[in-house]
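Working notes, structure below.
In what follows, chains carry the letters A, B, and so on, assigned in the order in which the sequence lines appear, proteins first and then strands, with residues in each chain numbered from 1.
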Amino acid sequence: MCGIVGLLVKNPKMRANIGELMLPMLIGMTERGPDSAGLAVFGAAVGADERKFSLYTGELDFNWQKLSHDFLTHLGSKVINFAQKANHAVLTTHLEPETVKIWLKEHYPQVHLLAIGQLMDIYKDVGTPAEVAARYDFSQLSGSHLVGHTRMATESAITPAHAHPFTAGQDWCLVHNGSLSNAPSLRRKLQHEGICFETDNDTEAACRFLEWRMREGDDLKTALEHGFEELDGFYTLLMGTKDQLALVRDPFACKPAVVAEHDDYVAIASEFRSLAHLPDIKNAKVFEPSPKEMYVWKV
Amino acid sequence: MESLKYDLAKIPLREVNQFLHSDASLLNGKHIEINNPNGAHNIAVGLKSEAIVTIHGHAGYYAAGMNQIADVTIEGSVGSGVAENMMSGRVHVKGFASNAAGATANGGLLVIDGDAGLRCGISLKGADIVVGGSVGSFSAFMAQAGNMVILGDAGEGLGDSIYEARLFVRGKVISLGADCEVKTMSLEDRKILVDLLERSGHGDVSPESFTLYGSARTLYHFNVAKSGAY
């Protein structure tokens with residue numbers, strides 16, 4: 001079991017409070033996923049030649065100032081912005097992703113690179129949704145849309161790296177409720193394409209598969225059609241891109257999802273109890289998405 | 001009629017359910033209203049008195065499960081397994097129902113005004129289910145007894161491995177499951193359909209617009225020559 005939540009705020013006035021609106025949604029999914037939680041939020045874009053790097057380390061007393069200082073000394077490039085929350089940090093720079101990746105691996109192997117993008121920040125960790133949300137001030141987040149997850153691990157270890165969302169490429173993330181039975185073969189297939197994995201988690205295989213398809217030229221819809229052919233198992237997948245949320249359920253609808261469409265927002269959750277608190281929910285169109293159909297909402 | 005109101009925003013569901021399990025003499029004929037269900041699971045499960053329960057809002061999983069005698073109305077929609085294993089009484093969902101609505105129900109009437117998800121009436125054992133909208137795939141899988149009336153369409157594999165349940169469908173059926181076939185509607189079948197349409201608020205719908213599906217009875221006994229088909 002796991003819980004998924006998604007929120008896309010259509011009313012620009014409400015975007016400053018997206019974290020506050022979302023928090024009861026995530027906490028409402030605690031019973032479905034009490035061991036880890038995470039979310040990806042899409043906020044204001046950095047400059048056209050800049051990238052945000054979401055970083056994580058298991059060391060609670062990690063010296064982030066030193067990392068920022070070494071970054072300048074080694075790479076001769078200033079960190080444009082450095083925002084730290086507990087043992088996560090978002091580093092903004094105009095350096096190429098590959099340069100930063102190689103530098104991190106060489107000098108700070110204990111620091112995990114969670115995500116790269118111009119809009120997306122990611123936070124994920126072990127603990128109950130309420131604990132993780134408090135650790136990273138989820139209630140203070142602002143942005144246009146977000147994707148969140150509460151995890152009850154069934155097929156791989158409980159670590160921050162195994163928590164969702166998973167990302168690949170840039171400004172792209174995915175959360176998953178369910179289990180994939182052919183994740184190892186999918187992983188081997190992608191490894192032949194030169195794609196590297198960070199965990200043995202089944203969702204990472206789905207995430208990297210879809211991102212790979214899109215790099216090969218598929219649009220999201222075609223990539224998901226390939227997904228229906230390739231992914232064997234149970235899944236409700238919720239995906240975030242720089243300007244949209246997308247949702248699919250497996251052909252047997254083994255895993256739940258409920259959608260509420262309102263003039264001010266679109267909210268998605270595994271169960272209605274995570275939507276019940278949303279403002280004016282009585283006037284939202286609440287429905288259950290059909291299996292094997294793709295739902296996309298644009299910002 | 002005496003009416004009792006419970007607000008689930010203020011009172012734990014367990015307290016409400018425990019009250020609903022009180023001695024039948026305290027509950028028979030009473031109207032109990034439940035406000036702010038907010039998608040909670042297991043609301044009004046295991047009732048066994050002639051109580052009349054109204055849930056104002058959306059309910060979660062297993063709403064009115066295992067119902068006996070009671071009359072439960074959900075003003076909103078429900079999650080998986082509404083009225084699962086119902087024995088008697090009546091459950092009415094005014095919105096839509098998620099997967100496995102009325103699963104294994106033995107008796108009573110389940111009315112869903114909107115659509116029902118996948119596996120509606122799976123392993124039905126004698127209850128009646130009327131769906132105002134459409135049902136998802138694999139509905140009435142291994143349905144043994146009882147009747148399903150579907151005013152909309154049915155998904156893939158309707159009535160797979162069905163025994164003696166009757167499936168009345170007004171709309172399109174994407175595909176029939178193994179051993180499910182079109183049946184000629186007898187006068188007795190028609191009477192059952194008319195009665196169910198009337199009791200579910202669809203008395204204006206013509207019974208002639210329905211097709212009856214049932215078992216071809218070729219899977220009743222193991223046949224070694226056909227073992228590949230099982």
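- Considering all non-hydrogen atoms of both residues, Val169(B) and Gly152(B) come closest at CG1-O, 3.7 Å.
- Around atom CZ of Phe19(B), more than 12 heavy atoms belonging to other residues, nucleotides or ligands sit under 6.0 Å away.
- Phe287(A) and Tyr295(A) have tilted rings, their planes meeting at an angle from 30° to 60° on a 0 to 90° scale.
- Interface remark: Pro256(A) contributes side-chain atoms only to the contact with chain B (heavy atom separation under 4.5 Å).
- Proximity to chain A is absent for every atom of Ser77(B), based on heavy atoms less than 4.5 angstrom apart.
- Residue contact with chain B, scored on non-hydrogen atoms closer than 4.5 Å, involves the side chain of Glu271(A) exclusively.
- A search for ring-ring contact (aromatic ring centres under 6.0 Å, His included) contacts involving Phe272(A) returns His58(B), not counting sequence neighbours.
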